[in-house]
J.: 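I am attaching a structure below and will ask some questions about it afterwards.
Lettering of chains follows the sequences in order, A, B, ..., and the numbering in each one begins at 1.
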Amino acid sequence: MRQSIPAFAARRLLAILPVLAGAVVFVFVVMRLLPADPAAFLVTGPQGGPEQIAALRARLGLDRSIPEQLARYVRDVLSGDLGRSLTTGEPVLADLLQRLPASLELTIAAFAVALAAGIALGTAAAFRPGSAVDHACRFIATAGNSLPGFVVGLCLIYVFYVRLGWSPEPVGRLDGLMVPPPAVTGFLLADSLLAGDGAAFRSALGHLVLPAATMALFALAPLARITRAALIEVLASDYVRTARALQLPTRLVVVHYALHNAAVPIVTTLGLIFSYMLGANVLVEKVFAWPGIGSYALEAVLSADYAPIQGYVLLVALSFAAVNLLVDILYGLLDPRARIRP
Amino acid sequence: MDRRDFLMRGAGVAASLGFAAPSLAQGRAETLRVLAESAANSRDPHGDGVNVPSLGTFTNVYDRLVNFDRSEVLPSVYRYDYSRLIGELAERFEEANDGKSLVFHLRRDATFHDGRPVTAEDVKWSLDRAVSLPASKRQLATGSMTDPAQFVAVDRHTFRIDCPRKDRYTLPNLALTQASIINAEEARRRATAADPWATEWLRNNAAGGGAYRIEGWTAGQQIVYGRFDQWKSGLLPKIRRAVLQVVPAATARVASLQKGDADIVLQLPPKDIDAIATDGRVRVASIPVVTSFRFIAFNTQTKPFDDVRVRQAIAYALPYQGMFDGAVFGHGTPLFGGPSFTPAAADFPQAMPYHLSLEKARTLLAEAGLDQGFQTTFSYNAGDATIAEPVALLVQEGLAAIGIKVEIEKVTAAQWATRLTEKKVPFYVESSAAWFNDPDYFFRIFFQGDWRWNFGSFVNADLAAILDKARWETDRATYDRLMREAIAIVFREVPVALLWLPSFEVAMQPDVTNFTYYIHGQVDFRPITRIA
Amino acid sequence: MTRPLGIAALLAIGLLILLALIGPAIVPHDPLATRVASGLQPPSAVHWFGTDQLGRDIFSRVVVATRLDLAIAASAVCLSLVTGAAIGAACGYFGGVLDRWAGRVVDMLMAFPLFVVAMALVVALGNSVANIVYATAIINLPFYIRFARAEVAVRRDAGYVQAARLGGAGPWRIVFGTLLPNLAPSLAVQMSLNLGWAILNAAGLSFIGLGVRPPAAEWGVLTAEGAPFLISGQWWVAVFPGLALMGAVFAFNLAGDALRDLLDPRRRTT
């Protein structure tokens with residue numbers, strides 16, 4: 001039975017609900033395993049005694065039983081309240097929404113760079129498999145995949161900021177004393193363009209380059225690999241051989257036939273990689289003081305701040321589901337067979 | 001929530017947290033950019049769960065009745081002077097009723113940020129609130145302030161505090177951020193029956209009359225302060241706008257400072273301070289924090305550390321100089337190798353009379369019946385790793401020489417607090433500081449009581465008796481004699497082995513002058529000037 | 001043809017294994033001995049890779065770390081491989097309710113920001129070597145389950161499985177005796193690729209202070225602790241362990257790639 005795209009999307013959406021529910025409960029339980037008392041952590045000096053810890057525990061609801069805490073948490077989440085962060089003092093939902101565009105902007109930029117470079121490397125390799133070009137491509141991609149992100153980030157800062165001075169201060173998304181453009185989308189690149197603020201755009205772009213390059217390096221290898229494999233398969237197929245035999249221009253063969261047909265497996269991998277990057281940018285955000293959700297979660301884990309971690313995982317799971325859905329829809333568009341119910 | 005709704009909500013939040021658009025770009029001489037490891041999490045000076053950076057916010061955004069005066073310790077760098085208090089909101093103040101009462105005469109021209117004049121009623125409400133909320137209550141109690149009935153608004157501009165007896169800690173307490181003065185009328189409007197002190201509202205909103213207003217607050221990332229031009233409690237500050245930005249990585253803070261992108265940088269490890277100091281492009285100030293100490297603590301209630309000989313043996317086996325050089329690169333003041341077990345001075349912390357002497361250590365251990373050594377765990381806080389980890393490694397190596405086998409345990413910052421509170425760590429390295437300089441105050445916090453800050457879980461009846469006497473002793477000579485006795489007990493009993501006195505260190509651009517250090521170690525923007 | 005890179009990678013892995021075995025016996029200095037007075041010295045004839053903050057010899061520490069790093073990576077990968085393959089194969093073979101539920105759980109795990117979960121686990125359980133191994137293993141698990149499930153589902157009705165069935169083998173024997181051995185080569189590829197990833201993961205944990213406990217030497221911890229010295233000019237503290245780490249991960253990745261090409265006829269390139 002063939003389904004329409006919306007029906008297909010709806011069915012997929014329903015399927016992710018248990019995933020989200022599972023995520024909420026799982027993280028809640030893991031957090032309660034932490035042998036740390038957020039109240040004790042927050043009482044930072046001798047001016048706070050046991051009474052203050054007790055009062056704080058009561059305010060945070062930590063004095064209740066775990067099932068009761070879970071029930072209250074689920075009730076709050078359903079009503080859109082993700083709790084309050086102890087480290088920032090703000091509601092978690094507001095924090096996350098305020099920081100999400102920063103993470104998305106970084107991830108999308110890194111993803112775009114990785115995609116362009118990965119497809120270029122993969123294509124170059126696929127046309128001459130086994131050649132020196134192929135080996136060089138593989139070498140570059142694998143090398144990028146072999147260094148911890150924080151090392152790459154620190155090295156880039158050292159070279160391009162400290163030594164050469166080409167890059168702006170590796171702190172945040174804009175120059176320290178610059179007025180951010182009015183927030184419309186939360187994406188500084190888009191907002192500065194909307195506001196016609198050239199200086200802010202340049203600053204935002206400048207701040208984006210190093211962290212995006214750091215992240216892109218990591219995603220390069222899988223992208224190059226999948227492109228290469230898919231292309232080799234397609235290039236060996238009958239229709240490409242036919243097109244080549246008909247002496248159609250190489251460009252046309254590559255772009256129109258080969259890449260188009262290789263798109264299905266590439267898109268699937270892309271979705272996975274994008275979701276992975278969104279969750280894995282924690283360390284890059286820390287190194288570049290990037291005000292995204294990753295650095296937020298990192299701080300929260302280290303200070304036993306439950307609510308932000310729970311909110312973060314929920315948000316990433318949601319984004320993962322959204323990306324998956326997008327991939328499935330793209331997949332359905334690219335290959336109508338996928339919409340047939342098994 | 002669909003995508004559009006989601007984006008719009010995001011934008012709404014961002015806009016509400018955003019800045020008033022005009023002019024961050026003022027003259028460099030009137031702006032200041034500070035980079036720190038973390039940012040304030042509250043605007044409520046009596047709030048619970050308030051972190052240390054918040055104390056900087058309170059200092060700049062609220063006024064207090066009095067403030068510590070300051071004295072120059074390095075060229076154009078100052079530190080607060082604990083012994084001298086000056087009026088802030090109070091134009092002048094005096095003792096009354098044999099010193100049992102303090103009378104404050106408020107400035108008549110002072111207003112809150114909303115333009116409303118500051119009155120004695122606001123002061124009373126603020127202090128009532130301070131002694132009623134758990135987070136500030138305990139601190140003010142150290143200055144005999146416990147009950148709202150003690151606070152009297154005599155008239156619109158006169159305020160009185162009545163204490164059961166004359167207490168030397170009352171005034172200094174009023175200079176702490178816990179005694180900040182809040183705009184009572186505004187706060188009361190936000191109070192509810194369930195929340196009479198408006199704690200929910202004040203956590204996210206400032207209602208003060210201090211020299212700066214909060215113009216932008218992006219939680220955990222950045223705070224923008226703008227000068228309150230009608231501020232009357234002191235000379236109008238030179239800095240019109242100050243931005244505090246969070247940069248978690250110390251290396252990034254150093255790089256920004258060296259490239260001239262940051263003006264003041266806080267919380268740098270000693271290693272980076274050295275690197276900056278030799279580089280010469282920026283200025284470094286290092287101020288000993290005389291109320292603080294870095295130490296190795298024993299849980300004196302558990303075996304084998306309940307035996308004083310074991311503690312002394314370890315105190316003789318620690319490679320002090322190596323730790324001091326290897327962990328903090330000599331930044332600080334040594335608190336080891338002191339001359340005598342009978343202290344000559346009455347101040348504390350002062351150097352303990354222990355030094356590396358393996359022979360003495362072995363003898364003491366043998367006397368304790370442990371000449372074969374023993375096994376133990378040495379813990380430190382992962383959040384403190386830059387300093388604590390080298391210390392731990394050197395402790396491990398040093399104690400191996402007297403047969404004590406040490407396993408190192410690194411505890412995450414979040415767990416650390418819990419473990420110390422529950423007294424579950426037998427042997428560890430830590431540092432701490434008290435608000436006030438008097439040794440009896442210091443001893444009461446750190447060497448008695450069933451709480452986290454009694455790091456050695458020390459119980460000693462003689463010490464308790466001495467501290468009770470010293471609390472109200474007004475004769476200087478008697479007080480000093482009592483405290484010398486107390487210090488001798490700690491020297492002998494070693495509930496903790498002192499290592500060194502940490503220094504507060506800050507790095508800044510050479511044109512930043514008049515930096516003033518306060519015990520909380522945050523930046524007070526008010527006195528700072530920049531050479532144009 | 002992938003031979004040159006592949007062979008180089010295999011040689012490098014051989015060298016790593018050799019170092020892991022005999023490293024502690026051949027290092028010139030005691031990797032734990034401190035000498036504060038000679039801290040932070042640049043590379044020299046005595047200290048080939050220089051010394052760290054406490055004057056420990058970095059060369060010796062890097063060499064000695066090989067054993068711990070390989071042990072962490074290998075045990076984490078084996079743990080997730082064994083459990084993941086068993087669960088996945090069972091799901092793929094039996095299908096039905098078990099498969100549906102296991103699929104849901106795996107989906108859930110895949111949707112997690114795995115690094116943050118690993119962090120939380122290490123914070124919760126404590127940063128011992130065993131817990132770092134568990135955290136790394138758990139976040140690898142979903143990949144193996146998926147992989148084994150898909151491969152088994154494809155081969156469930158293959159000729160040799162049918163033959164085994166007709167020969168009277170029970171389902172467990174078919175899964176573990178017939179199907180899994182047939183998957184071994186492709187699992188080996190996954191394993192090789194994952195070894196590198198496990199080392200990187202441990203390094204990431206070290207960077208945020210959740211690495212193995214001192215005084216043990218591990219490349220990630222050495223690199224992470226040396227990283228702050230980069231900016232102040234003592235590059236050798238981080239660079240040498242970083243190179244060792246990169247070399248090892250690189251070798252595992254290349255070897256995995258080469259193996260994949262050897263085993264997968266479709267993607268074979270010559």
J.: Identify which part of A:Pro291 has an atom lying under 4.5 Å from any heavy atom of chain B, answering side chain, backbone, both or neither.
T.: both
J.: Chain B heavy atoms under 4.5 Å from A:Arg84: which part of the residue, side chain, backbone, both or neither?
T.: side chain
J.: Using a cut-off of under 4.5 Å on heavy-atom pairs, state which of B:Ser54, B:Pro248, B:Ala255, B:Ala249 scores highest against chain A.
T.: B:Ala255
J.: Is chain A contacted by the side chain of B:Val411, its backbone, both, or neither, given a heavy-atom distance below 4.5 Å?
T.: neither
J.: Specify whether B:Phe293 and B:Phe455 have parallel, tilted or perpendicular ring planes, treating 30° as the upper limit for parallel and 60° as the lower limit for perpendicular.
T.: perpendicular
J.: Considering only heavy atoms and a distance below 4.5 Å, find which of B:Thr142, B:Thr421, B:Val247 pairs most often with chain A.
T.: B:Val247
J.: Assess whether a salt bridge exists between B:Arg530 and B:Asp263, defined as any Lys/Arg side-chain N lying under 4.0 Å from an Asp/Glu carboxylate O.
T.: yes
J.: Between A:Gln98 and B:Thr218, do the side chains contain a donor N or O and an acceptor N or O under 3.5 Å apart?
T.: no
J.: Any chance NZ of B:Lys259 has more than 12 other-residue heavy atoms, nucleotides or ligands included, within less than 6.0 Å?
T.: yes
J.: Is it the side chain or the backbone of B:Ser256 that comes within 4.5 Å of chain A heavy atoms, both, or neither?
T.: both
J.: Answer yes or no: is there an ion pair linking B:Arg419 with B:Glu409, defined by an N-O contact shorter than 4.0 Å?
T.: yes
J.: For A:Tyr296, which of A:Asp95, A:Asp305, A:Thr87 qualifies under side-chain hydrogen bond (donor to acceptor under 3.5 Å, both in side chains)?
T.: A:Asp95
J.: When you check the side-chain N and O atoms of B:Gln139 and B:Asn173, is any donor under 3.5 Å from an acceptor?
T.: yes
J.: At a heavy-atom separation under 4.5 Å, does B:Arg43 approach chain A through its side chain, its backbone, both, or neither?
T.: side chain
J.: For B:Asn204, which atoms come within 4.5 Å of any heavy atom of chain A: side chain, backbone, both, or neither?
T.: side chain
J.: Side chain from CB out, backbone as N, CA, C, O: work out which of these in B:Leu35 comes under 4.5 Å of a heavy atom of chain A, or both, or neither.
T.: side chain
J.: Measuring heavy-atom distances to chain B, does A:Leu154 have an atom under 4.5 Å in its side chain, in its backbone, in both, or in neither?
T.: side chain
